[in-house]
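Residues take their numbers from the sequence shown, with the count starting at 1. Only this structure's heavy atoms are used, side chains among them; waters, hydrogens and symmetry mates stay out.
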Amino acid sequence: MARLRAPDGCPWDREQTFDSIKPYTLEETYEVLEAIDARDWNELTGELGDLLLQVLFYAEMAEEKKRFTIDDVLDRLSNKLVDRHPHVFGDVKADTPGEVVRNWQALKAEEKKKQQANGGEASKHGHPDSVLHGVSSAMPSLMEAYKISTRVAHVGFDWPNIEGLFAKLNEETAELRRNLEEYPEPGPQPQSAAAIASARGVTVPEDLRGRLEDEVGDLLFVLVNIARYLALDPESALRKTNRKFRRRFEYLEDKLREQGRKPANASLDEMEALWQESKQQEKR
């Protein structure tokens, strides 16, 4: 990396900055997740290398500006692992994963207090004493919701059982349906029909649109909590469903293509029949 960034190195690598590399970091992270979901270990080897390259890139740019080096990054990581695992490297007792997580959270909170006491940079993610301190709003919304609900659950702000969550899901669904009663005629339509309705002068009031967005957000938040309650990652669950949908719809397209047609030329009943056929193929 130092060679690539050298004056006689690669013109593209030399002109990169911390900000210009950020989109690649996000892209490589998702490609790592995709390889894991696919259980493609050969692909994962390459994707982890690509992700590691991002770390090396940032560290090299920082060293050029005399801010820190890759050694500083690794030293800090090593020290953090030792400090946050006193049940392994020290005398603290933690026999269950739950005890480990509680210890981890307490240690992180203590670290934040020390940073504040030493005049560290002010937090961009809430009051340093807040349970939600450090949960970034820049991460994907499903992940942020999962982290928020996990943090507050650790201090007892949680449903006593999963039935409470299903009751909340029903409550939020009912609220959404009540707001939909105010939706202009002919009511919510598929996108193509909605475009026709819009052309006829049917518009949704801004206040109603805002309330509908709130209610859909509440529904999603409850679903994230159901996933958390079941120890499932909502981001992974949705990615899996996305892949399943793509696989089945591409099967549908392939079958129509064999007939010299496209989905736009097929009826909904025909497409639904092919969709069910694709599900049966998967079961076999």
Side-chain angles (χ1 to χ4, degrees), residues 1 13 16 18-61 70 73-74 76-82 84-85 87-88 94 96-105 107-108 125 132 134-151 153-154 162 165 220-254 275 278-279 281-284:
M1 181 52 63
D13 288 289
Q16 299 311 308
F18 282 91
D19 290 319
S20 71
I21 290 296
K22 285 193 298 186
Y24 299 102
T25 306
L26 188 60
E27 179 182 342
E28 299 300 350
T29 300
Y30 279 111
E31 288 181 358
V32 165
L33 299 181
E34 186 176 0
I36 293 173
D37 289 341
R39 295 299 188 264
D40 189 338
W41 309 121
N42 183 59
E43 183 70 14
L44 180 59
T45 305
E47 297 301 347
L48 286 173
D50 292 343
L51 186 58
L52 177 58
L53 173 61
Q54 303 302 304
V55 178
L56 296 172
F57 216 136
Y58 289 123
E60 178 61 28
M61 290 188 289
I70 188 65
V73 173
L74 295 173
R76 188 161 179 175
L77 172 60
S78 180
N79 291 334
K80 181 185 294 184
L81 289 174
V82 171
R84 292 190 182 176
H85 291 81
H87 54 289
V88 176
T96 67
E99 290 176 347
V100 171
V101 171
R102 282 192 291 273
N103 288 343
W104 183 280
Q105 295 294 347
L107 288 165
K108 286 178 67 177
H125 307 304
L132 300 178
V135 178
S136 172
S137 58
M139 66 179 70
S141 298
L142 281 179
M143 188 183 301
E144 182 187 4
Y146 189 90
K147 283 187 172 291
I148 288 173
S149 60
T150 299
R151 288 284 187 91
H154 283 151
I162 198 167
L165 274 165
L220 289 171
F221 194 82
V222 175
L223 289 171
V224 167
N225 275 276
I226 290 175
R228 174 185 59 79
Y229 221 92
L230 298 173
L232 298 172
D233 174 16
E235 196 82 30
S236 295
L238 185 56
R239 279 201 308 273
K240 185 176 181 180
T241 295
N242 289 342
R243 289 199 310 276
K244 179 171 61 179
F245 187 96
R246 289 173 64 117
R247 186 171 63 246
R248 291 175 180 175
F249 194 81
E250 286 167 358
Y251 175 92
L252 177 158
E253 288 179 309
D254 289 341
W275 181 271
S278 71
K279 291 173 64 175
Q281 290 288 341
E282 289 180 358
K283 289 180 181 179
R284 296 194 193 103

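Listed here is the closest heavy atom pair of Phe57 and Met1: CD1-CE, 3.8 Å. Residues Leu142 and Pro234 approach most closely at CD1-O, 4.1 Å, considering heavy atoms. The two residues Glu43 and Asp40 come nearest to each other via the heavy atoms N-OD1, 3.0 Å. Summarising the geometry of Leu132 relative to Arg151, their closest heavy-atom pair is C-NH1, 3.8 Å, with the distance given to 0.1 Å. Listed here is the closest heavy atom pair of Pro140 and Glu235: CB-OE1, 3.9 Å.
Side-chain N or O atoms of Ser78 include none that pairs as donor or acceptor with a backbone N or O of Leu74 at under 3.5 Å. Although no hydrogens or angles enter the test, the distance criterion places no donor-acceptor pair under 3.5 Å between the side chain of Ser236 and the main chain of Leu232. Panel note: side chain Ser20, backbone Gln16; no donor-acceptor pair is recorded below 3.5 Å.
Using a 4.5 Å heavy-atom cutoff, the side chains of Glu28 and Val32 are not in contact. Counting only heavy atoms from C-beta outward, the side chains of Val224 and Phe221 never approach each other to under 4.5 Å. The shortest distance between side-chain heavy atoms of Ile70 and Val55 falls below 4.5 Å. Residues Tyr58 and Thr25 have side chains in contact (heavy-atom distance under 4.5 Å, counting atoms from C-beta outward). The shortest distance between side-chain heavy atoms of Leu44 and Leu48 falls below 4.5 Å. Considering only heavy atoms from C-beta on, Ile162 comes within 4.5 Å of Leu230 through its side chain.
For the atom pair CG (Leu56) and CE (Met61), the distance works out to 11.0 Å, reported to the nearest 0.5 Å.
Phe245 and Trp275 have tilted rings, their planes meeting at an angle from 30° to 60° on a 0 to 90° scale.
Remark: the Arg76 side chain and the Asn79 side chain contain no N/O donor-acceptor pair separated by less than 3.5 Å.
A salt bridge links Arg248 to Glu282: one of the charged nitrogens lies within less than 4.0 Å of a carboxylate oxygen.
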